[in-house]
Structures are given as C-alpha cells and as structure tokens.
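Side chains are part of it too, since the values below use all heavy atoms of this structure and drop only hydrogens, waters and symmetry mates. Owing to the predicted nature of the structure, the values given are computational and were not obtained by experimental measurement.
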Amino acid sequence: MAPPTKSGPRYDNFIQSEKVRVIDHEGENLGVMYTREAMEQANDVGLNLVEVSPNADPPVAKFLDVGKYRYEAQKKANAARKTQKTQDIKEVKMRPNIDTHDYDVKMRNVNKFIENGDKVKVTLRFRGREMAHQNLGMDLLRRVQTDVEEIAKVEAYPRLEGRQMLMVLSPK
C-alpha cells in the first residue's frame, strides 16, 4: 500500500493501522474494529473512513466525507489567519533640539502606534556639532520613556549607533 501523496488526514486505503477505534457519522462510538470492516461500514453509509486522531492507540477514525472535512479544515485555518495580528515596527524620527509642539505631534503618533499594537522605534538624529551634546539626546529619550510608561515598555534601551540614538518601545 502506497503512503498518501497529499497532505491532510489519511482516509480509506491510506490508513496504515490494522485496527481503529471507530466513530460513526452521528458521533456514536462503535468501538475498536478492523480497518477493512470499518471501511465497508463507512461505504455502506456513503462516506469515507477518515483518520482524525492518528497518534492515539489505536488510531481514531470517523465516518466523514473527505472533501467536506478538508474544506472545513481549510476554512478554519483561513479564519485563524485572518484574525491573527502581525506586529509592525513603526519609526518616529526626532532631533535633539525639537520644539515642544513638534514633540507633542511626534508623541501623539507614538501613542497611536502603540495603541494599534505596533512596536515603535524612536530615532534621534544628530547633525554636525550636536554630537558634542549627546546628553541632550539622552534626556529627550528619557522624556519619551516617561511619557509613554503607562502604555508601553522599553524593549531596547537608548543606544548610540553612529550619528543616531535608537530606542524601541513595545505595547504592554
């Protein structure tokens, strides 16, 4: 007997075990029986014998319509994929000498991103002689941290990479 070529549950002649625990189309447990006998009973009802729990001892098989079973499983997988939320990383760029209004606008965006469940990467860009005043940048990132501490936690603390200082925030 050849192993099944398609993915999904084994059914009818593809079931490899000699005996299976059988559940009929109405959900009744018919007990343990030979696979051949169970297949004949399933065919009499006009259904297939589908292995629903192959790791059990003996494997559990049910009287089902294979096509319908596969279709339902595919629909369930698609529904699970739809409800799944992917987490993006949004970036907010600032400068060390940012004005208060500009800062408020950036913080509004940070709050919006975090409420949507996204991570936020706060990038502080130094230009020219601003590199001599890195403490101003660190103070600004600490201010961002305290402003969002109720809704977000710091995933990556502020660090300097070249001419920019980075910090990553994620929703609590």
Side-chain angles (χ1 to χ4, degrees), residues 1-93 106-123 141 144-162 164-172:
M1 186 177 347
T5 53
K6 292 185 179 176
S7 63
R10 290 190 282 240
Y11 63 95
D12 291 342
N13 292 327
F14 296 122
I15 297 176
Q16 294 167 344
S17 58
E18 191 177 321
K19 289 185 176 183
V20 288
R21 182 174 304 279
V22 181
I23 298 171
D24 72 359
H25 58 286
E26 294 164 356
E28 297 279 324
N29 188 349
L30 302 180
V32 178
M33 58 175 70
Y34 287 102
T35 307
R36 284 261 164 250
E37 186 184 332
M39 271 180 8
E40 288 168 9
Q41 285 186 18
N43 288 337
D44 291 344
V45 186
L47 297 170
N48 305 95
L49 184 68
V50 180
E51 198 173 42
V52 288
S53 181
N55 299 330
D57 186 35
V60 179
K62 223 173 185 180
F63 294 174
L64 295 170
D65 180 4
V66 174
K68 191 174 182 181
Y69 182 73
R70 280 189 182 148
Y71 175 72
E72 293 294 332
Q74 189 177 11
K75 263 178 64 173
K76 206 180 289 181
N78 287 345
R81 204 175 312 123
K82 261 185 207 168
T83 58
Q84 190 176 3
K85 168 77 171 103
T86 57
Q87 197 174 47
D88 297 330
I89 296 182
K90 304 287 187 174
E91 186 174 18
V92 175
K93 295 183 178 182
K106 299 283 186 183
M107 288 313 294
R108 221 175 304 138
N109 285 334
V110 168
N111 288 331
K112 184 174 67 178
F113 294 148
I114 288 174
E115 285 167 10
N116 289 340
D118 296 322
K119 291 183 180 181
V120 179
K121 177 178 170 185
V122 182
T123 305
L141 288 180
V144 170
Q145 189 176 335
T146 55
D147 287 350
V148 295
E149 67 186 353
E150 292 96 41
I151 60 169
K153 62 180 182 281
V154 178
E155 193 170 282
Y157 285 92
R159 67 183 186 280
L160 192 67
E161 287 185 5
Q164 48 189 8
M165 202 173 271
L166 305 171
M167 178 172 72
V168 179
L169 303 167
S170 64
K172 277 192 174 173

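- Summarising the geometry of Ala56 relative to Val60, their closest heavy-atom pair is CB-CG2, 4.1 Å, with the distance given to 0.1 Å.
- When the side-chain hydrogen bond (donor to acceptor under 3.5 Å, both in side chains) test is applied to Asp147, the partners found at least two apart in sequence or on another chain are Tyr103.
- Interatomic distance, Asp57 CG to Arg21 CZ, rounded to the nearest 0.5 Å: 9.0 Å.
- For the atom pair CE of Met167 and CZ of Arg159, the computed distance is 11.0 Å after rounding to the nearest 0.5 Å.
- With sequence neighbours excluded, no residue forms a side-chain hydrogen bond (donor to acceptor under 3.5 Å, both in side chains) with Gln145.
- Rounding to the nearest 0.5 Å places CG of Asn111 at 9.0 Å from CD of Glu150.
- Shortest non-hydrogen contact noted between Leu169 and Ala152 is CB-CB, 4.4 Å.
- Side-chain contact between Lys112 and Lys90 is absent, with no heavy-atom pair separated by less than 4.5 Å.
- Of the possible polar contacts, none joining the Thr35 side chain to the Gln16 backbone as a donor-acceptor pair under 3.5 Å is found.
- Checking side-chain atoms of Asp12 against main-chain N and O of Leu49 turns up a donor-acceptor pair under 3.5 Å.
- When side chains are defined from C-beta on, Val66 counts as touching Arg70, because their heavy atoms get closer than 4.5 Å.
- The shortest heavy-atom contact between Ala38 and Phe63 is O-CE2, 3.6 Å.
- Atom NZ of Lys19 and atom CD of Glu37 lie 10.0 Å apart (nearest 0.5 Å).
- No side-chain donor-acceptor contact under 3.5 Å links Asn43 to the backbone of Gly46.
- For the pair Phe113 and Val92, the minimum side-chain heavy-atom distance is below 4.5 Å.
- Note that CG of Asn48 is 8.0 Å distant from CG of Leu64, once rounded to the nearest 0.5 Å.
- Proximity of a side-chain donor or acceptor of Lys153 to a complementary backbone N or O of Ser170 within less than 3.5 Å is not detected.
- When the options Glu161, Glu91, Lys93 are evaluated for a side chain to side chain donor-acceptor pair (under 3.5 Å) with Thr123, the one that passes is Glu91.
- Considering only heavy atoms from C-beta on, Val122 comes within 4.5 Å of Val120 through its side chain.
- Judged by distance alone, the side chain of Asn116 and the main-chain N or O of Asp118 form no donor-acceptor pair under 3.5 Å.
- A 4.5 Å side-chain heavy-atom check between Arg36 and Asn13 finds at least one atom pair inside the cut-off.
- Heavy-atom minimum distance, Val20 versus Ser17: CG1-OG, 3.5 Å.
- Atom CG of Leu30 is separated from atom NZ of Lys62 by 12.0 Å, given to the nearest 0.5 angstrom.
- At least one donor-acceptor pair under 3.5 Å links the side chain of Lys172 to the backbone N or O of Glu149.
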